[in-house]
Number of protein chains: 2
Amino acid sequence: MAVDKGYMSGSSQLLVLSVLKEKPCYGYELIKTLKNQSNNVFDMQEGTLYPILHKLENEGLVCSSKQEVAGRTRKVYSVTDKGLKVLEKEKEEWKEFSSAVNQVLAFGSM
Amino acid sequence: MAVDKGYMSGSSQLLVLSVLKEKPCYGYELIKTLKNQSNNVFDMQEGTLYPILHKLENEGLVCSSKQEVAGRTRKVYSVTDKGLKVLEKEKEEWKEFSSAVNQVLAFGSM
DNA sequence: TATTATACCTAGTAATACTAGGTATGTCAA
DNA sequence: TTGACATACCTAGTATTACTAGGTATAATA
């Protein structure tokens, strides 16, 4: 990551769900999309992403379908209805969390 | 925490430094201050805070002095010059990180 | 033909915060 | 007075998370 990796904790799943909501895609593609949408701030590693996708599918938050394209197998992931609900909840939590951090930082600048 | 604990990763040190910059305080007090300044969002556990303070002191980012008040021993922590520099750097990283998350979330809402 | 890009995967490691305890004193109500 | 709660410190072990560093395989390109 361009930013300290510690900040990623907890938000990776949120980011993955958000990208997949905008457009279903396969893992390799998702990494590039995430990088583009974040102005190169997020450079998620494959070793980070694939386990997340498997976990999300296990929990029924995303589903996948295999595609054969030019001799390559791709697993295209989409967000399920359940996943959309979780995404909305996590977005709320993110807002609450980031607002709280900003508030504490504001105190520290007085 | 009021928010999913995962989000805390990486930002706890930033929050602790920010609180101490505003006002030097001892551990037990810091937890209450952090809770107040965040509108009860951050309810940091002692088992989380004390190791962080020890690590920060080890790295020279804070320093402590013992105080005896009403039969109790308090260790009052202050941010060092080195700590202030690290705090500023971490604030920048936080801004970059949170902006990037918000940008990705905005894409997911289009 | 060798390198790079594509596309998937996992085992082991490091970092972080939490749980769940422990010690000890002061205060306040039953 | 005694038992509960708040104050104030601490640590060992655990869980979660993301990363490192590999592995497999095909297609394109230099």
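First the proteins, then the strands, lettered A, B, ... as listed; each starts at 1.
Rounded to whole Å, the distance from CG on B:L53 to P on D:dC10 is 8 Å. One atom, OH of A:Y26, and another, C1' of C:dC9, lie 17 Å apart when rounded to the nearest Å.
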Below 3.5 Å, can you tabulate the donor-acceptor pairs from side chains in residues 101-110 of chain B to any protein atom, sequence neighbours excluded?
residue : atom : partner : partner atom : Å
B:N102  : OD1  : A:W94   : NE1          : 2.8
B:N102  : ND2  : B:S98   : O            : 3.2
B:Q103  : NE2  : A:Q37   : O            : 3.4
B:Q103  : NE2  : A:N39   : OD1          : 2.7
B:S109  : OG   : A:K91   : NZ           : 2.7
B:S109  : OG   : B:L105  : O            : 3.1

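Here A:K85 pairs with nothing under the side chain to side chain donor-acceptor pair (under 3.5 Å) rule; sequence neighbours left out. A:I31 is linked by a side chain to side chain contact (heavy atoms under 4.5 Å, CB included) to A:E46, A:L49, counting only residues two or more places apart in sequence or in another chain. B:K95 meets the side chain to side chain donor-acceptor pair (under 3.5 Å) test with no other residue; sequence neighbours excluded. For A:K82, the side chain to side chain contact (heavy atoms under 4.5 Å, CB included) criterion is met by A:L61, A:T80, not counting sequence neighbours. A:T73 is linked by a side chain to side chain contact (heavy atoms under 4.5 Å, CB included) to A:K66, A:E68, counting only residues two or more places apart in sequence or in another chain. A search for side chain to side chain donor-acceptor pair (under 3.5 Å) contacts involving A:E92 returns nothing, not counting sequence neighbours.
Side-chain nitrogen and oxygen atoms of A:K32 include at least one within less than 4.0 Å of the OP1 or OP2 phosphate oxygen of C:dT6.
At a non-hydrogen distance threshold of 4.0 Å, B:R72, B:T73, B:R74, B:K75 from residues 65-79 of chain B come into contact with DNA chain D.
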Tabulate protein N/O versus nucleotide N/O from nucleotides 11-14 of chain D, keeping only pairs under 3.5 Å, one per line.
residue : atom : partner : partner atom : Å
D:dT11  : OP2  : B:H54   : ND1          : 3.3

